[in-house]
There are 2 protein chains.
Amino acid sequence: MALRSNGAVRATTAGAPAFPLDTILIGDCVAQLEKLPAASVDLVFADPPYNLQLRGDLRRPDDSLVDAVDDAWDQFESFQAYDAFTRAWLLAVRRVLKPTGTLWVIGSYHNIFRVGATMQDLSFWILNDIVWRKSNPMPNFRGRRFTNAHETLIWASKSADAKGYTFNYEALKAGNEDLQPRSDWLIPICSGGERLKGDDGRKIHPTQKPEALLARVLLAASKPGDVVLDPFFGSGTTGAVAKRLGRHFVGVERDRDYAAAAQARIDAVVPLGSDMLSPAPAKRDAPRVAFATVVERGLLAPGGRLADARRRYEATVRADGTLALGTVIGSIHRIGAIAQGAESCNGWTFWHTETPVGLAPIDAFREAIRAEA
Amino acid sequence: MALRSNGAVRATTAGAPAFPLDTILIGDCVAQLEKLPAASVDLVFADPPYNLQLRGDLRRPDDSLVDAVDDAWDQFESFQAYDAFTRAWLLAVRRVLKPTGTLWVIGSYHNIFRVGATMQDLSFWILNDIVWRKSNPMPNFRGRRFTNAHETLIWASKSADAKGYTFNYEALKAGNEDLQPRSDWLIPICSGGERLKGDDGRKIHPTQKPEALLARVLLAASKPGDVVLDPFFGSGTTGAVAKRLGRHFVGVERDRDYAAAAQARIDAVVPLGSDMLSPAPAKRDAPRVAFATVVERGLLAPGGRLADARRRYEATVRADGTLALGTVIGSIHRIGAIAQGAESCNGWTFWHTETPVGLAPIDAFREAIRAEA
DNA sequence: AACGCAAGTGAATCCACGG
DNA sequence: CCCGTGGATTCACTTGCGT
């Protein structure tokens, strides 16, 4: 049943099933997990179907068609059907997880609330919810919602009493400029050379996760030599990262094409030396500050007047973070451009506010907000 | 039952309950909401009890006691009890919400998954989940988890088919460096002078939300004059921000002390002028102009030729305001789509007319007609 | 070679009004 | 209520081609 074994099979007590280390098991995850011994896995990373309920197609403003996730494996008849599916795989995971093991699940608002509630119902104990902030999400094309710029991970132990789970706090803190690791992570989506593509140049899997995300999960909550299980293996990101970081993996995948691509990918991975297995320092976020934030924080009051350095133009601050120049309303940049009759303008340096010592550029407020972030 | 009315009571048809505008209703939220007329509220902001399951006291490294949320109102016997509670208030909210209204709920990982799943069960339609990233969260003292640096908001309409909800996309974009607004918001927690404190200097409410958070919610999803309901009014942040931003509020609060503090707080709020609140103009709200009008006014003559910006296609203006592309006749949009082989097309920006200084989009004619109207 | 511009793309529950 | 249609709507990043 295993697609291929990298060799190692963990010795177990007589009669117990052998453990298929570093192997992709082909088939339904519940059925495959039943073949594994109980309490044998240190960490589970699960990326289940999201049950996206898309209606009709979506086009970009340039009329090109968005390649949606419309695969059969993501279709469920109802919430009830999805909940039953969720419950089944969570129970199977629960059995194979060690008492000290933890479970990670990733999802979006389409499914994560149902998954989280079911986890609680099955007495998993949530340790954190983690937000994966995407630095480069797909935009919202119709301007009718907020850009969906994040996904959610839930990190849980088997029960409220489960102690002794792995959390590499010191290493994470050292890798985060000596600041405590937070529940919000900024990581780009998987693209470029990391994205698996077929001979036709098309993506192999519609929802391949970035290796940086899995690396942070494994570095945070597992140790070298640990066994990491991924019941929805897909393109094998979990396996690739586990191998690179000196962890063992077991993957379960229903689709033979996905599994084959994952195996080839993992075969090409070169494990890091044990001396290298420390978390990489995170790139510090470049904070972009919105003018609306300046107003929100009360640094400038709605109704306040702004002027350019030579007091030739004046504009009024509005509650939503736009400016009004006469009857024209727009961003600080747009209004600055219109005032001067210019093509563009940097509103942060163009607009000034009155202070006891004369006009000061509003950029000072931006600096203040950046300093605290 | 109302603690105090600010005066306004909306006149309703005979027999229908009067609407208690800008008032705090004292009592259980389900019972109080039943007294409101159906479909009368534009936006609901709900900050329900989080059902925190704290086990024993939490102490800082210096052994000082963390003032945790352990109030009686936050204790539920079981998930089932919490779910029943959630279902009850969500149903009450559903009844008073207008078909075009939307619901916001805030929570943490302790309760948000249960609330979100129940919302879906009651056929609320999730529009976004929003992450409130705290710039200054309470640190994690034990170093056994990630610092809990965010809370989650769910934004939902009454049903999948509910259209016409308010989303002030253009204003949000203008206030955000001309970039579309994202699902992750960075806002500090409520502290300093904004935090309500009693005579003893202790905080009045354990989970007072920052006004900046409510401001962003109301500016995003409501209009001046809208009715905003908060069924768990607490310290009255929703009411204070609603009053400042020219929205009406209704609050329901069970605790008389909270309600009294909220009322005093709201009384001190000075509303902003309407010129700082008027909705930023959106293109989709601009009056429609028929292309036939352009021809009628003689801005373009029948028989005149139009071309796209790169002069790949050409069409002829007809007297009735249609275009002809060879033998095909249709609207400027339809013909533009056909010319390109596209699914759809905005003819106003696609088609151009010859001028002494080169091609100019026919949208200029539309703007001219709008300007004179 | 370096640079610039065009084209492509990503887990998406993505329109409103009038007849 | 369904259907037709006007017409509004995108950000960060990668790849590839042409200069």
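These numbers come from the heavy atoms of this one structure, side chains and all, not from hydrogens, waters or symmetry mates. Per chain, numbering begins at 1; letters A, B, ... match sequence-line order.
- A/Val269 and A/Ala240 get closest at one heavy-atom pair: CG1-O, 3.6 Å.
- Taking atom CD on B/Glu343 and atom P on D/dG6, their separation rounds to 14 Å, with Å as the unit.
- Between the side chain of A/Asp320 and the backbone N or O of B/Leu219, no donor-acceptor pair lies under 3.5 Å.
- Phosphate contact (OP1/OP2 of D/dA12, side-chain N/O of A/Arg288, threshold under 4.0 Å): present.
- As rounded to the nearest Å, D/dT5 and C/dA12 have C1' atoms that lie 24 Å from one another.
- Contact annotation for B/Ser344: base contact, defined as any heavy-atom pair under 4.0 Å involving a base atom.
- In this structure, NZ of A/Lys209 is placed 13 Å from P of C/dG10, rounded to the nearest angstrom.
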Dot-bracket, 5' to 3', for DNA chain D please: Watson-Crick or G-U pairs under 3.5 Å, [ ] where pairs cross earlier ones, | where the partner sits on another strand, dots elsewhere. .|||||....|||||||||

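- Among the nucleotides C/dA12, D/dC13, D/dC11, the one closest to the side chain of A/Met138 is C/dA12.
- For A/Tyr50 and A/His110, the distance between ring centers is not under 6.0 angstrom.
- Heavy atoms of B/Trp348 sit under 4.0 angstrom from primed sugar atoms or phosphate atoms, though from no base atom.
- Taking side-chain N and O atoms only, A/Lys134 has no distance below 4.0 Å to OP1 or OP2 of C/dG10.
- Aromatic pair B/Tyr165/B/Trp155: ring centres closer than 6.0 Å.
- Considering only side-chain N and O atoms, B/Lys163 lies nowhere under 4.0 angstrom from the phosphate OP1 or OP2 of C/dC17.
- Nearest nucleotide to the A/Lys203 side chain, out of D/dT10, D/dA8, C/dG10: C/dG10.
- Heavy atoms of B/Gly164 sit under 4.0 angstrom from primed sugar atoms or phosphate atoms, though from no base atom.
- Residue-level contact check: B/Arg366 touches the backbone only, with heavy atoms under 4.0 Å from sugar-phosphate atoms and none from bases.
- Within the 4.0 Å cut-off from OP1 or OP2 of C/dC15, at least one side-chain nitrogen or oxygen of A/Arg142 is found.
- Comparing C/dC14 with D/dA12, their P atoms sit 23 Å apart, to the nearest whole Å.
- Judged by distance alone, the side chains of B/Glu177 and A/Trp348 do bring a donor and an acceptor atom under 3.5 Å apart.
- Listed pair B/Ser331 / D/dG6 meets the phosphate criterion, a side-chain N or O lying under 4.0 Å from OP1 or OP2.
- Of the candidate nucleotides C/dA11, C/dA12, D/dT10, C/dA12 has the atom nearest to the side chain of A/Asn148.
- Rounded to whole Å, the P atom of C/dG18 lies 15 Å from the corresponding atom of D/dA8.
- Here B/Leu179 lies in heavy-atom contact (under 4.0 Å) with sugar-phosphate atoms only.
- Checked for salt-bridge contact, A/Arg114 and B/Asp121 meet the test: a charged N lies under 4.0 Å from a carboxylate O.
- Considering only side-chain atoms of A/Ser191, the nucleotide from C/dA12, D/dT10, D/dT14 that sits closest is D/dT14.
- Residue contacts for A/Ser108: at a heavy-atom cut-off of 4.0 Å it reaches no nucleic acid atom on any strand shown.
- Between B/His333 and D/dG6, a side-chain N or O to OP1/OP2 separation shorter than 4.0 Å is absent.
- Between A/Asp62 and A/Lys197, the residue whose closest nucleotide on DNA chain D is further toward the 5' end is A/Asp62.
- Contact between the side-chain N/O atoms of B/Tyr169 and the OP1/OP2 oxygens of D/dT10 is found at a separation under 4.0 Å.
- Using a 4.0 Å heavy-atom distance criterion, A/Gly193 is classed as a sugar-phosphate-only contact.
- Residue A/Gln208 is out of contact with every strand shown, counting any heavy-atom pair closer than 4.0 Å.
- Ring to ring, A/Phe146 and B/Phe167 are close: their centroids are under 6.0 angstrom apart.
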Steps toward side chain to side chain donor-acceptor pair (under 3.5 Å) verdict (A/Arg59, A/Ser64): CA-CA 5 Å; A/Arg59 285 174 182 276; A/Ser64 63; over 6 Å; no

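- Between C/dA1 and D/dG16, the two C1' atoms lie 16 Å apart (nearest whole Å).
- Both A/Ser64 and A/Arg55 lie close to DNA chain C; mapped to their nearest nucleotides by heavy-atom distance, the more 5′-ward contact belongs to A/Ser64.
- When heavy atoms are screened at a 4.0 angstrom cut-off, B/Cys345 is found touching base atoms of the nucleic acid.
- Rounded to whole Å, atom C1' of D/dT9 lies 15 Å from atom CG of B/Asp178.
- Geometrically, A/Arg254 does not engage A/Trp73 in a cation-pi contact defined by less than 6.0 Å to the ring centre and at most 45° from the axis.
- The pair A/Arg60-A/Asp62 does not count as a salt bridge, with every side-chain nitrogen at least 4.0 angstrom from each carboxylate oxygen.
- Residue-level contact check: B/Lys173 touches the backbone only, with heavy atoms under 4.0 Å from sugar-phosphate atoms and none from bases.
- In the interface, the side chain of A/Arg60 is paired with the base of C/dG10 through a donor and an acceptor atom under 3.5 Å apart.
- Residue contacts shown for A/Pro48 include a base, since a base heavy atom lies under 4.0 Å away.
- Using a 4.0 Å heavy-atom cutoff across all strands shown, A/Asp74 reaches at least one base atom of the nucleic acid.
- A salt bridge is absent between B/Glu170 and B/Lys283; no separation between the charged side-chain nitrogens and carboxylate oxygens falls under 4.0 Å.
- Residue A/Arg195 places none of its side-chain N or O atoms closer than 4.0 Å to OP1 or OP2 of D/dT14.
- If you take CG of A/Asn140 and P of C/dT9, they are 20 Å apart, rounded to a whole angstrom.
- The side chain of B/Asn346 places an N or O atom within less than 4.0 Å of a non-bridging phosphate oxygen (OP1 or OP2) of D/dA8.
- Residue A/Ile189 places its side chain closer to C/dG10 than to any other of C/dC15, C/dG10, D/dT10.
- Among the heavy atoms of the strands, none lies under 4.0 Å from A/Asp71.
- For the C1' atoms, the distance from C/dA16 to D/dC1 is 15 Å, rounded to whole Å.
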